[in-house]
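Step one of this worksheet: look at the structure below.
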Amino acid sequence: MVVLGRVGNAIFDFIYPPVCSTCDRVLDRGENYVCGRCWSDFERVPATETFTQLIEQKFLANEAIDGLTSVFLFEQDRRVREAVHLLKYAGAEAIGRTFGKMIARVVAVNEKLAACEAVAPVPLHPARRRERGYNQSELITTSICAELAVRHLPGLLIRKRQTQTQTLLDAEGRRKNISGAFAIGKDFGGSIEGMRVLLVDDVITTGSTIKECARVLKENGALEVYAASAAITV
Ligand SMILES: [Zn+2]
């Protein structure tokens, strides 16, 4: 790659201005990857009774999670999937920051979520993290904690084993695949007794990952575990 320097970059941006990844409009100064118009136009999780019931049935019934919130609809909006993809595979930190800010806004106005004493991301296996260079969920939690001034515990959970990709598995297959994959981080044994924790993932689909993480936290003494994600499939 050619190193252009600051002036070179400015000229390059002038000739080839960066465009929005989801609508191709030229980005304004301060916008990264996705334009402000797209962000405000992404399909939001509806705050309807029906939708709340769907979430309760799918993610909370007989599970360790005490409540769940998410900002965008994953399946319904191609642009949301594109943004998540950029965060996950292209190192788009700015997307993680914006997702974090949007989750923080939802958390701040929800009494139970706002009462959480700590925020933790769903961990990647160390080998996967090395390969990717970062944990996309941690980019989101860093931003949430900066917004809300809540304790950030990125090492609260660890992933003990690599799991096969969940994409092709059905709900039962995913549950089995993920079972026993997480443990409490070595610095946190016993220290989360009575704590309310907010667990964060980039996308929640079947919920098998987040449910298993919540189970481990409860087993280790967490009082309440809430979950939040940038996008969700319901
Ligand atoms: Zn756009």
Side-chain angles (χ1 to χ4, degrees), residues 1-48 50-52 54-55 68-110 113 119 121-122 124 132-148 165-167 198 200-207 209-210 227-234:
M1 189 185 143
V2 184
V3 178
L4 294 169
R6 224 151 48 119
V7 175
N9 277 332
I11 295 169
F12 186 84
D13 282 355
F14 182 75
I15 303 169
Y16 302 104
V19 295
C20 172
S21 302
T22 60
C23 77
D24 287 335
R25 202 172 65 84
V26 172
L27 291 174
D28 287 340
R29 191 185 288 270
E31 291 179 341
N32 290 292
Y33 298 99
V34 173
C35 75
R37 205 188 301 174
C38 279
W39 275 118
S40 55
D41 197 40
F42 280 177
E43 196 94 36
R44 302 283 295 231
V45 169
T48 61
T50 323
F51 206 82
T52 309
L54 275 177
I55 286 195
L68 181 147
T69 192
S70 187
V71 184
F72 297 114
L73 294 173
F74 189 69
E75 290 296 327
Q76 288 84 341
D77 195 333
R78 172 195 63 79
R79 300 166 304 173
V80 174
R81 295 199 297 278
E82 174 71 26
V84 169
H85 194 88
L86 285 164
L87 168 68
K88 230 167 160 165
Y89 303 108
E93 268 184 60
I95 304 259
R97 267 198 305 277
T98 307
F99 277 149
K101 280 182 188 168
M102 299 185 104
I103 293 173
R105 264 180 236 157
V106 179
V107 170
V109 296
N110 180 306
L113 297 176
V119 178
V122 167
L124 291 181
R132 190 172 290 173
Y134 61 97
N135 172 2
Q136 72 279 2
S137 298
E138 196 179 324
L139 294 181
I140 300 175
T141 51
T142 302
S143 163
I144 295 174
C145 292
E147 290 292 310
L148 300 175
T165 173
Q166 302 267 69
T167 327
L198 178 65
V200 177
D201 208 353
D202 52 344
V203 182
I204 295 176
T205 46
T206 62
T209 303
I210 207 113
S229 68
I232 195 166
T233 302
V234 174

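Just so it is clear, the model here is predicted, and its values are computed rather than measured. Every number for a ligand or one of its atoms is a count from 1 in the order of the listing. Numbers here simply count residues along the sequence, with the first being 1.
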*Taking 2.8 Å as the upper limit, name the protein N, O or S atoms near the Zn ion (ligand 1).*
Cys20 SG, Cys23 SG, Cys35 SG, Cys38 SG

*Could you pull out the closest heavy-atom pair between Gly91 and Tyr134, with the gap in Å?*
N-OH, 2.9 Å

*Leu124 versus Gln136, closest heavy-atom pair with distance*: CD1-OE1, 4.0 Å

*For Glu147, which residues count as a salt bridge (Lys or Arg N to Asp or Glu O under 4.0 Å) partner, sequence neighbours excluded?*
none

*Could you tell me whether a side-chain N or O of Thr98 sits under 3.5 Å from a main-chain N or O of Ala94, the two making a donor and an acceptor?*
yes

*Partner of Phe42 under side-chain contact (heavy atoms from CB on, under 4.5 Å), chosen from Leu73, Val71, Asp77*: Asp77

*Over 60° means perpendicular and under 30° means parallel, so classify the ring planes of Trp39 and Phe99, tilted if in between.*
perpendicular

